[in-house]
Engineer: 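Before we start, here is the structure in question, set down as structure tokens.
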Amino acid sequence: MDDLKAKYLGRIADAADESALEAIRLAAIGKKGEVALKMRELGKMTPEERQIAGPAMNALKAEITSALAARKAALHDAALDERLRGEWLDVTLPARDRRQGTIHPVSQVTEEVTAIFAEMGFSVAEGPRIDTDWYNFDALNIPAHHPARAEMDTFYMHRDADDDRPPNVLRTHTSPVQIRSMEKTGAPTRIICPGGVYRADYDQTHTPMFHQVEGLAIDRDISMANLKWVLEEFFAAFFEVDGIKTRFRASHFPFTEPSAEVDIQCSWVDGQLRIGEGDDWMEVLGSGMVHPSVLRAGGIDPDEWQGFAFGMGIDRIAMLKYGIPDLRAFFDSDLRWLRHYGFASLDVPTLHGGLSR
Ligand code: PHE
């Protein structure tokens with residue numbers, strides 16, 4: 001019995017894994033194991049011998065059983081330690097500072113503009129980038145042969161030679177969405193429409209595709225005063241400068257009467273533009289009271305309703321707010337530029353959370 005004990009406790013101590021342990025268990029205390037076979041010998045013993053051998057054998061079996069359990073636990077702990085060592089992680093390492101993707105300034109500013117106007121009760125409308133010349137021009141009081149058509153550097157879509165309908169256009173502004181949204185919701189209405197527009201033009205401040213946001217508010221007694229308040233409210237929130245000054249200059253658009261171009265207060269210090277201070281002016285948008293013919297084209301009775309509209313360059317105000325000098329770089333898809341001017345992708349601009357952090 002002492003030999004059996006020494007043999008199995010030694011093997012248990014040397015077992016390398018759980019399957020080796022199981023083999024030892026079967027060989028020792030399994031049904032046909034050595035200890036079990038020894039126990040059968042009890043039957044041939046005298047009662048006196050049995051009195052001594054019986055408890056001794058039970059003790060041996062118990063000892064082997066508990067040695068097996070202890071070794072099993074030890075192997076388990078060792079495996080866990082091994083795994084913990086392999087999966088070790090230094091939580092004191094600094095976080096990776098390079099963000100994997102960023103939000104483009106145009107998307108960022110579109111979100112900012114939307115958040116500000118949403119607060120003033122404007123909802124977002126959208127329209128197609130390829131539009132008919134009726135929506136882009138005629139309905140906006142720009143009939144065929146009107147000089148404004150030539151000024152817009154329009155891109156025309158292809159028409160087959162035997163198709164005498166006027167060609168569709170890449171919309172030259174977001175104003176056609178005024179008409180589409182009047183048709184859809186009638187009056188009263190309050191919408192903004194951000195989106196891409198196209199003109200054949202290319203230099204530091206012009207690209208053939210750029211972005212505008214249109215605003216339209218129609219009600220029974222909307223006036224220029226409402227327009228001015230809304231825009232000043234917008235500029236203060238967008239540029240994060242309270243009481244920013246605006247200047248309304250009389251202008252002309254076929255679709256508004258009267259019309260005004262709007263400048264915001266700025267200054268140039270050491271060649272750097274500062275918005276909201278000083279006594280220079282920077283033009284940022286066109287606006288006016290919606291022309292009666294435009295209301296009529298949108299199915300709204302101009303004797304009952306009136307409203308204001310404005311159109312502002314999104315890329316332009318992004319350049320002003322974030323100090324981006326060249327518009328062309330917006331659309332070059334240069335990763336270094338995108339990383340430099342891009343915004344963290346999980347920061348959604350809201351008025352309460354801060355617009356531009
Ligand atoms: N659509 C005009 C443009 O692109 C801007 C504008 C919109 C002016 C609405 C007045 C009213 O230049």
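Please read these numbers as outputs of a predicted model, since none were measured by experiment. In listed order, ligands and their atoms are each counted from 1. For the single chain, residues carry numbers from 1 onward in sequence order.
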Engineer: Around ligand 1, what residues show up once you keep those with a heavy atom under 4.0 Å from it?
Structural biologist: H173, S175, Q178, R199, Q212, E214, F253, F255, T256, G286, S287, A309, F310, G311

Engineer: Tell me if the centroids of the rings in F234 and F117 come within less than 6.0 Å of each other.
Structural biologist: yes

Engineer: Can you name the ring-ring contact (aromatic ring centres under 6.0 Å, His included) partners of Y8, sequence neighbours left out?
Structural biologist: none

Engineer: Should the pair D138-R149 be classified as a salt bridge under the 4.0 Å nitrogen-to-oxygen rule?
Structural biologist: yes

Engineer: Under 6.0 Å from the CG atom of D334, do we count more than 12 heavy atoms belonging to anything else shown?
Structural biologist: yes

Engineer: Does the pair K321/E240 count as a salt bridge with the N-to-O cut at 4.0 Å?
Structural biologist: yes

Engineer: Less than 4.0 angstrom from a charged side-chain N to a carboxylate O is my criterion; do E232 and K228 meet it?
Structural biologist: yes

